[in-house]
Amino acid sequence: MEAPRTSVDVIVVGAGFAGLYMLHRARSAGFSVHCFEAGAGVGGTWFWNRYPGARCDVPSLEYSYEFDAQLQQEWNWSEKYSTQPEILRYIEHVAQRFDLLRDITFNVRVTAAVFDEAMSRWTVTTNSGKVISCQFLVMATGCLSSPNIPKLPREEVFNGKVYHTGQWPTDGVDFTGQRVAVIGTGSSGVQSIPIIARQAQHLTVLQRTAAYCVPARNAPLDTSYVQSVKDNYKEFRQKNRLTRAALGGDTPTGTTGAAVTPEHERRMIFEERWQRGGLVFQGAFNDTLTNRESNELFADFVREKISSIVKNQSTARALMPKNVFGCKRLCVDNGYYETFNRENVALVDLNEHVLEGFTANGVMVGSQELPVDAVVFATGFDAMTGALNKISITGRNGQTLRETWSAGPVNYLGLGINGFPNLFTITGPGSPSVLTNMLVSIQHHVEWITDCLSWLRSNQHATIEVSPTAQDQWVQHVNTVADATLYQSCSSWYLGANVPGKPRVFMPLPGFPAYVQRCADVARENYLGFLLD
Ligand code: NA7
């Protein structure tokens, strides 16, 4: 529907998991709220990422809302890791169940937001020409929502089809009988490659950086296990929240790598987690991302697995990652390495053969034409800041967000930015965000923001703004925490290194429990670090 009013208390940008809960929570707290969504429906990430094999890498029983006990009791997930269509059905169900659709305008993109200092309000403009004013502006624009599509020369001459995994056609794509090239081997490539390989006549995988993948061991959910979780859902969620990544509380993190000296014991630990499957593999030791020796143990184990799965040893070697384990997000796969044993699949290492651009019949790789009917860009996103920087956001004194973040994002708690009063970012840079189960981080932020809005209302404050000192100290804190890890050692999207020209700054903050404590302390101390008016 179109926004019914020209003025509301809160505007929420985006109707994914974050935006929907923000709308629900703020509305329940008595605020008038309107939400704008660029897509034709709810779902955010799960609306756009419809590529073959798209699936969550966090177990279904964890990747769901916990704010409503009845909802989590009633909803039944079918598999350990949910597919995109199932997650979309869930989020559509939530939107209906909590009557959220009446306050969302779809197919409309927010293009600009300007803070009016005299009125202490934001004026928000959309691409439909709608202008609406609000006291509080909440950006629920997603961390992986602005696709990164490399500009390859001569794309206009290509007679085939070009796709990006994050902008997949709603009706799907049938690759039967086609020659396909997939560019990119992060999670989206790793998930889609086995399925495209089964469909296409021939698939060429163009790999720039080999990914570490662990098997998902996906399976239908066992009803008695589901019941045991549902019987203790609160404790189950709490256990997850106490882990660094807010997930996998049932599989506690191990000791340091150095503490497990006999090699056969280490192998047993790795093997047990490999068989269990999923991201908890990374927790075999607790110093995976702080100690190079421990990290190398993981790397060696996965490389050995690749060598044992992939029959052609030259292909196996090319698939073996060389960077620090976990420095780029670990991929959870369903038969990825096995796919390279198929006759109709080839791997091209882009470090040896340069991807030069398109031809009428395909792509030029290493001065040779690779004839293809379709090219799939599985090339990821302008992460964390991309969607925010696409909107022209102007705060106090005509200061724009793009200028403020020109050397990389700065903020306080990943929630607010100096110079931009009454503007909140859900799971923004500077918060644990993409290093955690996103659903847990989203709910934490939505609840913190709504509590803050209610507190401002009760205490008759019109504005809240991050103080310059709090911001500087927070940026310093995030850097200090990140510097103590191995995350900075590879060109990941956490660092913005996947997007040409993007400032290289580590964006998320490792460690969920300490962060939650800090946010609670700030609120308890009457929003310490914020300026109130
Ligand atoms: P990712 O993880 O950013 O992966 C993108 C892949 O595309 C990665 O292998 C990139 O290589 C590759 N890439 C990017 N640009 C290029 C160019 N110009 N040429 C060749 N290859 C390129 O995105 P995904 O969509 O797979 O996953 C995003 C997140 O979604 C994931 O972490 C999960 O949280 C879910 P690179 O590593 O940059 O060398």
Side-chain angles (χ1 to χ4, degrees), residues 16 44-46 48-58 63 81-82 84 87 142-153 155 162-168 181-193 204-214 216 245 247 278-279 282 318-319 321-324 326-333 336 347-358 363-366 375-384 386 427 432-439 441 487 489-502 504 507-508:
T45 290
W46 302 105
W48 297 105
N49 284 268
R50 296 166 189 253
Y51 60 83
R55 194 185 277 283
C56 191
D57 58 6
V58 172
Y63 195 81
Y81 295 99
S82 301
Q84 174 271 333
I87 299 173
C143 293
L144 297 165
S145 49
S146 176
N148 169 42
I149 308 178
K151 303 251 172 307
L152 290 187
E155 187 177 329
V162 176
Y163 305 97
H164 185 280
T165 47
Q167 294 177 330
W168 205 256
V182 173
I183 305 173
T185 52
S187 291
S188 305
V190 163
Q191 289 187 338
S192 57
I193 282 164
T204 308
V205 176
L206 303 177
Q207 170 189 276
R208 183 165 77 179
T209 305
Y212 287 97
C213 304
V214 290
L247 59 87
L279 293 172
Q282 199 160 313
L319 284 167
K322 289 161 193 70
N323 50 297
V324 161
C327 166
K328 294 189 180 199
R329 188 175 169 115
L330 186 59
C331 298
V332 177
D333 82 282
Y336 175 66
L347 179 71
V348 174
D349 184 344
L350 294 180
N351 300 300
E352 286 176 18
H353 310 278
V354 175
L355 178 56
E356 288 148 10
F358 282 91
V363 283
M364 286 299 286
V365 188
V375 172
V376 175
F377 283 103
T379 45
F381 301 88
D382 181 353
M384 304 198 81
T427 62
S433 179
V434 292
L435 298 178
T436 65
N437 174 357
M438 285 301 283
L439 262 281
S441 280
Y487 277 120
S489 64
C490 71
S491 305
S492 69
W493 56 257
Y494 297 142
L495 276 161
N498 61 329
V499 176
K502 190 166 173 174
R504 211 182 153 109
M507 293 183 284

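Because the structure is predicted, anything quoted here is derived from the model rather than measured. All ligand and atom numbering here is 1-based and tracks the order in the structure.
Of the protein's heavy atoms, S187 CB, 4.1 Å lies nearest to atom 35 (C) of ligand 1. Among protein heavy atoms, atom 30 (O) of ligand 1 sits closest to L144 CD1, 3.7 Å. Counting only heavy atoms of the protein, atom 4 (O) of ligand 1 lies nearest to G186 CA, 3.4 Å.
By the 30° and 60° cut-offs, the orientation of the rings of H164 relative to F381 is perpendicular.
Here is the list of ligand 1 atoms found below 4.0 Å of a heavy atom in R329: 31 (C), 32 (O), 33 (C), 34 (O). Taking every non-hydrogen atom of K328 and a distance limit under 4.0 Å, the qualifying atoms of ligand 1 come out as 36 (P), 37 (O), 38 (O), 39 (O). Near T209, the atoms of ligand 1 lying under 4.0 angstrom from a non-hydrogen atom of the residue are 36 (P), 37 (O), 39 (O).
For Q84 (side chain) and W46 (main-chain N/O), a donor-acceptor pair under 3.5 Å exists by modelled atom type.
For the pair T165 and ligand 1, the shortest N or O to N or O distance does not fall below 3.5 Å. Polar contact check, L355 against ligand 1: no nitrogen or oxygen pair lies under 3.5 Å apart.
L330 and S187 get closest at one heavy-atom pair: O-OG, 4.4 Å.
Qualifying salt bridge (charged side-chain N to carboxylate O under 4.0 Å, His left out) partners for R50, counting only residues two or more places apart in sequence or in other chains: none. With sequence neighbours left out, the ring pair (Phe, Tyr, Trp, His ring centres under 6.0 Å) criterion links Y212 to F325.
Residue contacts with ligand 1, taken as heavy atom pairs separated by less than 4.0 Å, do not involve A383 at all. Using a 4.0 Å cut-off between heavy atoms, V190 makes no contact with ligand 1 at all.
Disulfide status for C331 with C213: absent, SG atoms not under 2.5 Å apart.
For the residues H164, R208, Q191, the heavy atom positioned nearest atom 38 (O) of ligand 1 is part of R208.
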